[in-house]
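Ligands are counted one by one from 1 in listed order, and the atoms in each one are counted from 1 as well.
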Amino acid sequence: MKKLGILFLALVFAAGLGGAAWAGDTLADIKAKGVLVCGVKDSTPGFGYIDEATRELVGYDVDFCKAIAKKLGVKIEFKTVTSATRIPQLVAGNIDLAACTMTKNADRAKQIDFSITYFSTVQKFIVQKGTVKKLADLEGKKIGTAKGSTSEQNAKKALPKATIQSFDDYAPAFLALQQGKVFAITTDESILANILNKAPDKKKYEIPNIVIGYEPYGLGMRKGDTNLVNFVNKTLLDMEKSGEAKKTFNKWFGPKGKAFPMNRGDFKIDGKKEAWES
Ligand code: GLU
């Protein structure tokens, strides 16, 4: 009996360890529970935000979650994440998928897995009109951004003498710029353009053509969750083939889109690997 007890304890211990090291099969779990839990932003215009008229959570990232849930034939549930909480939320199992303007990079890929790139942009700044012509004009200044972002890291590298002030999100960072508490804010151009577009005093600011980071977005999943990664990648490629990906882009960022118009250019969901992935 004692031996059996020890064996039981050993099994429980092994299962616990296994759970921590292996993501399991989230795809099977989602199908079994009939719901996909997606982590999205709720105050990032264009990508994940509350529509003022309908009070609904909408955006490019929200639409990709919905498309994946539809393909799976399950319901969708949204949980709000920030740049700093999204990876911990995923690792803790509180969300199945993170669709939240998240740049794929080698560092993050040590903790989670990424889908193929489904959007890409570059990192820039918002400044008061006429104050910045070149990167050096930003050196030594106080610059706002969000905690847990690549924007924070890239800015520290590009401007070693600047004071990088990290807020919980980009909206309070922009407010600090409007109040004259920071000299500039920095993050992805796709986010900056949409924030500026919604600002009543937008004429006072501009986004100079100064690039300090390449930001390809991927959907985040738990490390080793291969079945889900394959399913999501296949869905993204199918969306590109059927024209749904382009339609979704244009719905938000096209000339008649709901958010700030951006150039899709030649960017397609083609499944090509980023340099660090191959
Ligand atoms: N794409 C960048 C990142 O993943 C900046 C935007 C964000 O914070 O979500 O960190």
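Heavy-atom minimum distance, Pro261 versus Pro255: CB-CA, 4.4 Å. Residue Glu206 comes nearest to Thr131 through the heavy atom pair OE2-N, 4.5 Å, listed as atom of the first residue, atom of the second, then distance.
Under the 4.0 Å criterion applied to side-chain N and carboxylate O atoms, Lys41 and Asp61 are not assigned as salt-bridge partners.
Using modelled atom types, one finds a donor on one side chain and an acceptor on the other under 3.5 Å when comparing Thr82 with Thr85.
Pocket lining of ligand 1, defined as residues with a non-hydrogen atom under 4.0 Å away: Lys41, Ser83, Arg86, Cys100, Thr101, Met102, Thr103, Arg108, Ser149, Thr150, Ser151, Tyr170, Thr187, Asp188, Ile191, Glu215, Tyr217.
Residues passing the salt bridge (charged side-chain N to carboxylate O under 4.0 Å, His left out) test with Asp169, sequence neighbours excluded: none.
A centroid separation of less than 6.0 Å is found between the aromatic rings of Phe119 and Tyr60.
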